[in-house]
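Dropping a structure here in structure tokens format, bear with me for questions.
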Amino acid sequence: MRLADLMGARVIDASGRDIGHVSDVRLTEAAAPSRRLPGLHVAGIVIATRRRSRLLAYDHRPVDAPWPLTALARRATRHALWAPWTAVTAHRPPPRTGEPGTVTLDQTAASLTPLLDMHAHWNSGT
């Protein structure tokens, strides 16, 4: 699978409902026992739940200042969701270049964590 196939993919929850599209993919570093360099692993995906919304990179990390950007960032991400990679049960790549693929989850949209809550979690280091 290519990262480009995930970006923009439609996301279908466990109830079969289309809940949005993949806006970002979060990677984590993990030590690789067989080599000196750390390996990258997919931690999860950010889901933009509005059909026409673009998160304008505010899904990458929270914006704390100046206040106009903070307000804009919160507004842009208020409906965005976080799905851990363990919740992804299937991925169908796009049929043609330029079309979105499909990601299927084993959780409903209501059980996913709001992205703003994940920002607080990631920043606390826990």
Item to check | Check against side chain to side chain contact (heavy atoms under 4.5 Å, CB included), D13 and L112 | outcome: CA-CA 10 Å; D13 74 0; L112 297 175; 5.9 Å; no
Checklist entry - Which atoms form the tightest heavy-atom contact between T49 and A80, and what is the distance? => result OG1-N, 4.4 Å
Item to check | Joint cluster assignment, I47 & V88, ILVMFWY side-chain distance < 4.5 Å | outcome: yes
Item to check | Sidechain-backbone polar pair: D24 side chain, V46 backbone, donor-acceptor under 3.5 Å | outcome: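 No, D24 side chain to V46 backbone: no donor-acceptor pair under 3.5 Å.
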Checklist entry - Say you draw a straight line from CZ of R17 to OG1 of T108; how long is it, rounded to the nearest 0.5 Å? => result 8.0 Å
Checklist entry - Looking only at heavy atoms, which two atoms of V103 and H91 are closest? And how far apart? => result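 Reported closest heavy-atom pair: CG2-CD2, 3.7 Å.
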Checklist entry - Closest heavy-atom contact between I45 and W82? => result O-CE3, 3.4 Å
Item to check | Residue among D18, I12, V22 satisfying side chain to side chain contact (heavy atoms under 4.5 Å, CB included) with T102 | outcome: I12
Checklist entry - side chain to side chain contact (heavy atoms under 4.5 Å, CB included) with R96: which residues, sequence neighbours excluded? => result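 Side chain to side chain contact (heavy atoms under 4.5 Å, CB included) check on R96 returns E99.
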Checklist entry - Do V11 and L6 belong together in a cluster built from hydrophobic side chains that touch within less than 4.5 Å? => result yes
Next on the checklist: Tell me whether D5 contacts the main-chain N or O of M7 through its side chain, where contact means a donor paired with an acceptor under 3.5 Å.
Outcome noted: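 Not at all, since once roles are kept as given, no pair shorter than 3.5 Å links the two residues.
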Item to check | Atom pair CG/CG of L115 and L81 - distance to nearest 0.5 Å | outcome: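 If I round to the nearest 0.5 Å, the distance is 8.5 Å.
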Next on the checklist: T86: which residues meet the side-chain hydrogen bond (donor to acceptor under 3.5 Å, both in side chains) condition with it, sequence neighbours left out?
Outcome noted: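 Once residues adjacent in sequence are excluded, T86 has no partner under the side-chain hydrogen bond (donor to acceptor under 3.5 Å, both in side chains) criterion.
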Checklist entry - Among all residues two or more places apart in sequence or in another chain, which pass the side chain to side chain contact (heavy atoms under 4.5 Å, CB included) test with V42? => result V25, L27, W85
Item to check | Which atom of P100 lies closest to which atom of A9, heavy atoms considered | outcome: CB-CA, 4.3 Å
